[in-house]
Amino acid sequence: MPRLALYTFGVLKSPLADPAPLTREFQDSGGPVYRKISGHPGYLGRAEPADGGRGTLFDLDWGAWGEFAVPTWYDKGRTVETIALAATLSLWTDLRPAFDAVYTGLHREALNRRHDWFERTGHPSHVLWWVSDSAIPTWQDGVSRLEHLHDHGSTPHAFTFHRSFDPGGDSDQD
């Protein structure tokens with residue numbers, strides 16, 4: 001049975017290393033949000049560093065999730081002092097559980113604050129696509145699907161919650 005991959009990407013207004021209250025607030029919200037989402041029905045897993053998370057996102061060993069990658073439009077730093085991004089890559093059993101996890105509870109509260117923390121880039125902030133039941137999506141898969149979504153809009157190859165497709169490629173809005 002196909003599974004749903006979800007990649008999110010946002011450019012932060014300030015580097016993660018910035019000690020400003022808004023940056024700390026964003027970082028402090030991450031742990032509770034991840035704990036809540038990881039217990040949500042339909043959640044299968046997310047990309048986590050295989051080496052315990054020592055280093056920058058770009059230097060970590062992500063195991064089967066592949067080498068960390070970012071969209072071509074990300075033009076901020078890649079060092080501990082300059083990285084200004086947030087990205088996630090996760091697997092779900094279906095569209096409805098993923099939608100419910102993203103748009104309810106703690107994650108919804110965080111979404112309501114997104115304009116405090118993230119730049120408005122004119123690019124999509126998330127992309128979904130179907131993978132086979134044995135596939136593990138990679139960071140590069142997420143980036144290429146997000147860029148495809150930006151260039152072509154929602155298609156069976158790369159879509160959003162608001163214009164989604166089933167595993168057979170049929171749109172929920174046809």
Side-chain angles (χ1 to χ4, degrees), residues 4-63 65-92 95-128 137-143 145-147 149-150 158-162 164:
L4 186 72
L6 167 60
Y7 172 72
T8 67
F9 185 84
V11 179
L12 293 163
K13 290 182 175 179
S14 60
L16 288 168
D18 184 346
L22 278 176
T23 306
R24 282 196 316 271
E25 187 178 279
F26 169 74
Q27 290 179 330
D28 291 347
S29 71
V33 167
Y34 281 132
R35 280 191 295 281
K36 184 72 171 171
I37 284 180
S38 67
H40 199 279
Y43 172 84
L44 298 172
R46 70 179 171 98
E48 295 185 86
D51 60 5
R54 307 248 188 266
T56 71
L57 296 169
F58 297 94
D59 301 327
L60 298 173
D61 175 4
W62 294 93
W65 303 90
E67 183 178 337
F68 188 76
V70 295
T72 55
W73 66 80
Y74 175 73
D75 61 359
K76 293 197 175 182
R78 294 176 180 241
T79 67
V80 171
E81 297 81 22
T82 61
I83 288 175
L85 66 89
T88 65
L89 179 59
S90 57
L91 270 174
W92 297 84
L95 190 62
R96 186 80 230 174
F99 180 89
D100 289 345
V102 169
Y103 290 106
T104 62
L106 289 177
H107 193 269
R108 178 64 202 186
E109 291 175 25
L111 277 179
N112 290 341
R113 299 288 314 279
R114 69 186 173 274
H115 298 303
D116 293 339
W117 302 322
F118 292 94
E119 293 181 0
R120 296 177 193 221
T121 65
H123 295 275
S125 61
H126 77 278
V127 67
L128 302 149
T138 67
W139 289 107
Q140 186 56 55
D141 294 335
V143 167
R145 302 282 177 144
L146 192 69
E147 290 174 343
L149 176 65
H150 177 261
F159 52 92
T160 66
F161 283 116
H162 304 293
S164 60

key: Between CG on residue Leu60 and CH2 on residue Trp139, distance to nearest 0.5 Å   = 10.0 Å

Thr8 side-chain N/O to Thr88 backbone N/O, donor-acceptor pair under 3.5 Å = yes

ask   = Nearest heavy-atom pair of Phe58 and Gly77: which atoms, and what distance?
value = CE1-O, 4.4 Å

message = On a heavy-atom basis, which atom in Pro124 and which in Leu146 lie closest, and how many Å separate them?
response = O-CD1, 3.6 Å

ask   = Hey, mind stepping through Phe68 and Thr56 against side-chain contact (heavy atoms from CB on, under 4.5 Å) and telling me if it holds?
value = CA-CA 10 Å; Phe68 188 76; Thr56 71; over 6 Å; no

note = Interatomic distance, OG@Ser90 vs CG@Leu4, rounded to 0.5 Å, equals 8.0 Å

ask   = To the nearest 0.5 Å, what is the distance between CG (Leu128) and CZ (Phe99)?
value = 11.0 Å

Residues which pass salt bridge (charged side-chain N to carboxylate O under 4.0 Å, His left out) with Lys36, listed by chain and number, not counting sequence neighbours = none

ask   = Which atoms form the tightest heavy-atom contact between Pro41 and Pro97, and what is the distance?
value = O-CB, 3.2 Å

request  = Identify the two heavy atoms, one from Val127 and one from Gly142, that lie closest to each other, and give their separation to 0.1 Å.
outcome  = CG1-O, 3.8 Å

task = For Trp62 and Leu57, indicate whether the former's side chain and the latter's backbone hold a donor-acceptor pair under 3.5 Å.
result = yes

ask   = Counting distance only, does the side-chain N/O of Lys13 pair as donor-acceptor with the main-chain N or O of His115 below 3.5 Å?
value = yes

ask   = Which distance, rounded to the nearest 0.5 Å, do you find between the CG of Leu6 and the CD1 of Ile37?
value = 8.5 Å

key: Derivation of the side-chain contact (heavy atoms from CB on, under 4.5 Å) call for Leu12 and Phe118   = CA-CA 4 Å; Leu12 293 163; Phe118 292 94; 3.5 Å; yes

query = What are the two closest non-hydrogen atoms of Trp117 and Ser29, and how far apart are they?
reply = CH2-OG, 4.1 Å

query = Is the side chain of Thr82 donor-acceptor paired with the backbone N or O of Arg78 at a distance under 3.5 Å, no angle test?
reply = yes

task = Please work out whether the ring planes of Phe9 and Trp73 are parallel, tilted or perpendicular, with thresholds of 30° and 60°.
result = perpendicular

Validation row: Val11, Lys76 side chains within 4.5 angstrom (heavy atoms) = yes

task = Test the Arg145-Tyr7 pair against the cation-pi criterion, namely NZ or CZ under 6.0 angstrom from the six-membered ring centroid and within 45° of the ring axis.
result = no

ask   = Is any side-chain heavy atom of Thr160 less than 4.5 Å from a side-chain heavy atom of His126?
value = yes

message = As an exercise, state the distance from OG of Ser125 to CG of Leu111, rounded to the nearest 0.5 Å.
response = 8.0 Å

request  = Would you check if the side chain of Gln27 reaches a backbone N or O of Leu16 as a donor-acceptor pair within less than 3.5 Å?
outcome  = yes

key: Rounded distance [0.5 Å steps], NE2 in His150 versus OG1 in Thr72   = 8.5 Å

Donor-acceptor contact present, side-chain Tyr74 to main-chain Ala69, <3.5 Å = no

request  = Flag yes if more than 12 heavy atoms outside Arg120 fall under 6.0 Å of its CZ atom; otherwise flag no.
outcome  = no

inquiry  = His40 vs His107, test: side-chain contact (heavy atoms from CB on, under 4.5 Å). Steps then yes/no.
reply    = CA-CA 11 Å; His40 199 279; His107 193 269; over 6 Å; no

message = Looking at Asp141 and Thr138, would you say the former's side chain and the latter's main chain have a donor-acceptor pair under 3.5 Å?
response = yes

message = Atom CD of residue position Glu67 - does it have more than 12 heavy atoms of other residues, nucleotides or ligands inside 6.0 Å?
response = no

query = Which atoms form the tightest heavy-atom contact between Ser14 and Ala84, and what is the distance?
reply = O-CB, 3.8 Å

